[in-house]
Amino acid sequence: MEKLNECFKPPKDKMRIVFFIFLIHGLGTLMPWNMFITAKSYFVDFKLVSNEGNTSSAYANNFMQYIGFASQIPNLIFNWLNIFVHLGGDLTKRIVYSILFELVIFIITVLLAILDSSNWQDVFFWITMISVVLLNMANGIYQNTIYGMVATLPIKYTGAVVLGSNISGLFAAIVQICSTYIFSSYRTSAIYYFITAMLILLICFDTYFALPLNKFYRYYEIRRLKEEKPLCNSEATKVPYLKILKESFPQLFNIFFTFFVTLAIFPAIHSDIKPHSDDFFIPKDLFTPITCFLTFNLFAMLGSLTTSWIQWPKPNLLCIPVLLRAMFIPLFMFCNYLPKSTMRSLPVLITNEWVYWLIAIVMSFTSGYLSSLGMMYAPQTVLPKYQITTGMFAAAMLITGIFSGILFSFILPSFV
């Protein structure tokens with residue numbers, strides 16, 4: 001009997017190959033967004049600079065707002081559409097077509113970087129915005145499908161995708177720093193940003209086709225198909241979306257609210273916090289890059305990584321720390337938050353840079369940790385045959401939380 005039980009044990013993920021493949025796909029899902037925002041100087045200080053040699057054009061001054069909406073709105077819409085409409089066919093076709101489409105857009109972006117667009121800046125700007133919209137339409141499908149696929153595997157594999165997405169920001173920041181030091185030209189640096197993104201997407205494309213060859217992945221894929229077969233052969237072929245939504249709603253809310261609080265703070269408030277005194281050991285010109293961008297990306301990644309060993313609190317109690325994170329919004333606003341074009345009247349209560357940095361570390365770590373837990377717990381709240389759909393709902397709520405947090409961040413300067 002013991003030997004018989006061993007026959008039914010799932011094979012092991014040798015060398016954690018499947019784990020790392022999904023980590024790479026997590027990296028790939030946020031690569032388009034991260035590469036465009038790290039190329040800000042290329043757009044603002046080079047491509048969209050006015051003929052007089054300054055950045056006073058409306059396109060340059062409002063570029064991050066434009067690119068934020070051009071990225072997040074199509075990503076949000078197509079994340080939700082992908083749940084109810086099989087855009088592009090089955091899971092494999094959706095991923096393959098999405099990655100190939102993103103590669104085409106990046107090729108166009110590299111060609112635009114090579115061309116001299118100084119005499120047709122308006123055309124360049126709108127081609128860029130259309131490219132970003134199309135890129136994020138494809139990425140919405142890709143991201144949503146990946147979270148659906150990984151939902152049928154053990155929960156730590158969903159954590160791998162979230163970990164990869166958090167590594168993506170850190171990776172983009174490192175690429176930016178390296179290319180800036182190596183290349184003096186904005187154009188050359190940007191070309192290498194976008195080529196790097198293309199290489200990551202090509203790796204995602206190749207590794208995806210390695211999954212069916214892996215015994216561990218094949219075991220869970222066959223099990224999923226067996227569970228779905230009775231559903232497909234029955235009269236009730238419709239997926240009970242409302243039932244799935246009700247059963248998984250507590251974890252979907254946890255995912256939404258974690259990202260809502262994070263994006264309300266980062267980068268809008270976080271990047272506008274200045275040192276209160278001149279005595280802090282970090283130079284002023286490196287204060288924001290280190291205490292904001294590097295700190296957030298590093299500790300969000302470490303938070304996601306921690307869920308590979310620790311999953312606490314349990315699903316029914318996860319909402320407590322998630323809701324408590326709302327306190328970070330007033331805490332950051334009581335730091336030396338100096339939004340542009342705003343005269344601050346709210347008193348600065350947190351004047352110690354070390355205290356501010358500690359708050360930033362805790363906010364970043366809990367963002368990565370709690371968002372990973374929510375994404376891991378969500379598919380476990382429904383029957384196995386509905387886990388793919390639940391994983392897609394979780395991805396859609398992730399993007400909804402990001403978009404809502406960004407919108408909310410626009411009104412926060414009025415409170416100080």
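Numbering of residues begins at 1 and proceeds along the displayed sequence.
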Do Y337 and H270 meet the criterion of a side-chain donor-acceptor pair at a distance under 3.5 Å?
-> no

F216 six-ring face occupied by K12 cation (under 6.0 Å, within 45°) | no

Hey, what's the ring geometry for F194 with F106, parallel, tilted or perpendicular (30° and 60° as the breaks)?
-> tilted

Which of these passes side-chain contact (heavy atoms from CB on, under 4.5 Å) with N136: N75, I105, N79?
-> N75

For K47 and S117, does a side-chain donor sit closer than 3.5 Å to a side-chain acceptor?
-> yes

Between R218 and P212, is there a donor-acceptor pair closer than 3.5 Å when you use the side chain of the first and the backbone of the second?
-> yes

Side chains of Y356 and N336: donor-acceptor distance under 3.5 Å anywhere?
-> no

Any chance the side chains of Y377 and S248 put a donor and an acceptor closer than 3.5 Å?
-> no

Look at atom CZ of F249 and say whether more than 12 heavy atoms of other residues, nucleotides or ligands are closer to it than 6.0 Å.
-> no

Among N144, V239, T390, I244, side-chain contact (heavy atoms from CB on, under 4.5 Å) partner for I83 = N144

For the residue pair F36 and F43, categorise the inter-ring angle as parallel (less than 30°), tilted (30 to 60°) or perpendicular (more than 60°).
-> parallel

Can you list every pair that meets ring-ring contact (aromatic ring centres under 6.0 Å, His included) and has a residue in residues 290-328, with sequence neighbours left out?
-> F266-F293, F266-F296

Mind checking side chain to side chain donor-acceptor pair (under 3.5 Å) for Y147 and listing every partner two or more places apart, or none if nothing turns up?
-> none

What class does the angle between the rings of F256 and F253 fall in, given that below 30° is parallel, 30 to 60° is tilted and above 60° is perpendicular?
-> tilted

Ignoring hydrogens and angles, state whether a donor on the side chain of T152 or R223 is under 3.5 Å from an acceptor on the partner side chain.
-> no

Side chain to side chain contact (heavy atoms under 4.5 Å, CB included) filter on Y66, not counting sequence neighbours, yields N62, F125, M129

Is any side-chain heavy atom of P275 closer than 4.5 Å to a side-chain heavy atom of E353?
-> yes

Is a side-chain donor-acceptor pair under 3.5 Å present for T145 with N82?
-> yes

Between T400 and W80, does a side-chain hydrogen bond (donor to acceptor under 3.5 Å, both in side chains) hold up when you go through it step by step?
-> CA-CA 9 Å; T400 306; W80 281 101; 2.9 Å; yes

